[in-house]
Peer 1: 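I'd like to ask you about the structure that follows.
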Amino acid sequence: QHQTNRELTEVLNQIWRLDTNRLKPGTDYIISLQGRAGYVAQGSNNARDMARAPLFTHVNEAKLKSIKTFAHFISLLDNYEASTGLSETVTAEELKENRLFIDSIMETDVMKCAHKYLVGKGQSPSDPAQFKKQLYDIWFRLYHRDRSGGEDSCGFEHVFVGETKFGREVLGLHNWVQFYLQEKHNHVDYKGYKARDNKSTV
């Protein structure tokens with residue numbers, strides 16, 4: 001267990017160092033943390049607003065959109081129904097956008113390193129075309145999140161785009177680019193930061 005954790009930490013640190021597409025804090029983007037957010041019960045949409053201003057005070061959008069992986073990523077964000085329970089309809093154009101995104105990330109040293117690690121662990125095929133197919137299935141294959149509806153979700157939508165339940169509760173949305181774009185269009189309201197226990201980091 002300890003050996004596996006150390007190995008995983010090493011490969012994640014290596015991936016972090018290899019990410020040349022990463023935007024630089026304080027230069028390419030500036031955030032304003034403001035106050036620490038209070039506790040919000042699950043299912044509740046009432047939160048004391050500890051941040052009067054948006055989280056993002058500056059993002060260099062020209063640089064963001066000039067990076068191929070980000071440009072292809074952004075083109076995917078409007079491909080989904082936000083509400084759970086509503087079946088997704090995937091167009092030929094959206095299928096093409098999915099493939100372009102996978103192709104672009106597979107050109108990066110980050111994904112080459114991740115692929116090599118997964119092959120070494122027997123979790124992924126060594127053939128890059130087969131690995132792309134595996135990634136496609138993990139991220140874009142539709143499944144039922146809401147049992148009452150059709151195929152209404154996929155890994156990519158949940159993690160990167162975000163979904164809504166009953167029009168109130170946000171599920172997923174673990175991505176800063178999507179949060180920035182939603183905040184810019186007044187679709188989300190930043191209420192403050194949540195620090196990890198015993199740490200001052202967000």
Peer 1: Any chance the rings of Phe73 and Phe156 have centres within less than 6.0 Å?
Peer 2: yes
Peer 1: Hey, does Glu157 have a side-chain heavy atom less than 4.5 Å from the side chain of Phe140?
Peer 2: no
Peer 1: Which heavy-atom pair separates Val161 from Leu173 by the least distance, and what is that distance?
Peer 2: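 Between these two residues, the closest heavy atoms are O-CD1, 3.4 Å.
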Peer 1: Looking at Cys113 and Val11, what are the two nearest heavy atoms and their distance?
Peer 2: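 Nearest heavy atoms, Cys113 then Val11: SG-CG2, 4.0 Å.
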Peer 1: Please evaluate residues Tyr117 and Gln123 with respect to the criterion side-chain contact (heavy atoms from CB on, under 4.5 Å), reporting the C-alpha separation (whole Å), side-chain torsions for both, the decisive distance (0.1 Å), and the verdict.
Peer 2: CA-CA 9 Å; Tyr117 175 76; Gln123 298 298 311; over 6 Å; no
Peer 1: With side-chain contact (heavy atoms from CB on, under 4.5 Å) as the criterion, how do His72 and Ile105 come out once you've worked through the C-alpha distance, each side chain's angles and the decisive distance to 0.1 Å?
Peer 2: CA-CA 9 Å; His72 286 306; Ile105 63 168; over 6 Å; no
Peer 1: Hey, does the side chain of Glu94 reach the backbone of Ala92 with a donor-acceptor pair shorter than 3.5 angstrom?
Peer 2: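 Not at all, since once roles are kept as given, no pair shorter than 3.5 Å links the two residues.
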Peer 1: Suppose we screen for side-chain hydrogen bond (donor to acceptor under 3.5 Å, both in side chains). Which residues come up paired with Gln178, at least two apart in sequence or across chains?
Peer 2: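 If we apply the side-chain hydrogen bond (donor to acceptor under 3.5 Å, both in side chains) test to Gln178, skipping adjacent residues, there are no hits.
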Peer 1: Do Phe131 and Val119 touch side chain to side chain, with heavy atoms closer than 4.5 Å?
Peer 2: no
Peer 1: Measuring from atom CZ of Arg99 to atom CG of Asp103, what distance do you get when rounded to the nearest 0.5 angstrom?
Peer 2: 8.5 Å
Peer 1: Would you give the length of the straight line joining atom CE of Met111 to atom NZ of Lys116, rounded to the nearest 0.5 angstrom?
Peer 2: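 Reported to 0.5 Å precision, the distance equals 15.0 Å.
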Peer 1: Side chains of Lys191 and Arg48: closer than 4.5 Å at any heavy-atom pair?
Peer 2: no
Peer 1: Is there a side-chain contact between Tyr190 and Asp49 (heavy atoms, below 4.5 Å)?
Peer 2: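 They are not in side-chain contact.
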Peer 1: What closest approach, in Å, do Met50 and Gln34 show between heavy atoms, and which atom pair accounts for it?
Peer 2: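 Where Met50 meets Gln34 most closely, the heavy atoms are O-CB, 3.8 Å.
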Peer 1: Side-chain donor-acceptor pairs under 3.5 Å in residues 52-61, sequence neighbours left out?
Peer 2:
from, atom 1, to, atom 2, distance (Å)
Thr57, OG1, Ile30, O, 3.2
Asn60, OD1, Ala62, N, 3.3
Asn60, OD1, Lys63, N, 2.9
Glu61, OE1, Lys65, NZ, 3.0
Glu61, OE1, Lys184, NZ, 3.4
Glu61, OE2, Tyr180, OH, 2.5
Glu61, OE2, Lys184, NZ, 2.6

Peer 1: How long is the span from the NE2 atom in His115 to the OG atom in Ser124, to the nearest 0.5 Å?
Peer 2: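 Answer rounded to 0.5 Å: 6.0 Å.
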Peer 1: Which heavy atom in Gln134 sits nearest to a heavy atom in Pro125, and how many Å separate them?
Peer 2: OE1-CD, 3.6 Å
Peer 1: Of all the heavy-atom pairs spanning Phe70 and Leu23, show the shortest one and how long it is.
Peer 2: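 Heavy atoms of Phe70 and Leu23 come nearest at CE1-CD1, 3.7 Å.
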Peer 1: Could you tell me the separation between the CG atom of Leu12 and the CZ atom of Arg17, rounded to the nearest 0.5 Å?
Peer 2: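 Rounded to the nearest 0.5 Å, the CG-CZ separation comes to 10.5 Å.
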Peer 1: Just say parallel, tilted or perpendicular for the rings of Trp139 and Phe101, cut-offs at 30° and 60°.
Peer 2: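 Answer is tilted, since the angle falls between 30° and 60°.
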Peer 1: Taking only residues two or more places apart in sequence, or in another chain, which ones meet Ser104 in a side-chain hydrogen bond (donor to acceptor under 3.5 Å, both in side chains)?
Peer 2: none
Peer 1: So, taking the atom named SG in Cys154 and the one named CZ in Phe160, what distance separates them when rounded to the nearest 0.5 Å?
Peer 2: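 Nearest 0.5 Å value for the SG-CZ distance: 10.5 Å.
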Peer 1: Run Glu107 and Lys112 through salt bridge (charged side-chain N to carboxylate O under 4.0 Å, His left out) and show every step you take.
Peer 2: CA-CA 7 Å; Glu107 291 172 11; Lys112 286 173 183 169; over 6 Å; no
Peer 1: Count I, L, V, M, F, W, Y as connected when their side-chain heavy atoms are under 4.5 Å apart, and connections chain through other members. Are Ile67 and Leu100 then in the same cluster?
Peer 2: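 Unlinked, Ile67 and Leu100 end up in two clusters.
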Peer 1: Test side-chain contact (heavy atoms from CB on, under 4.5 Å) on Thr20 and Asp109; report intermediate values, then the result.
Peer 2: CA-CA 9 Å; Thr20 55; Asp109 288 338; 6.0 Å; no
Peer 1: Considering only heavy atoms from C-beta outward, does the side chain of Thr108 approach that of Thr69 to under 4.5 Å?
Peer 2: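 SC-SC contact between Thr108 and Thr69 confirmed.
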Peer 1: On a heavy-atom basis, which atom in Tyr136 and which in Asn98 lie closest, and how many Å separate them?
Peer 2: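 Taking every non-hydrogen atom into account, OH-ND2, 3.1 Å.
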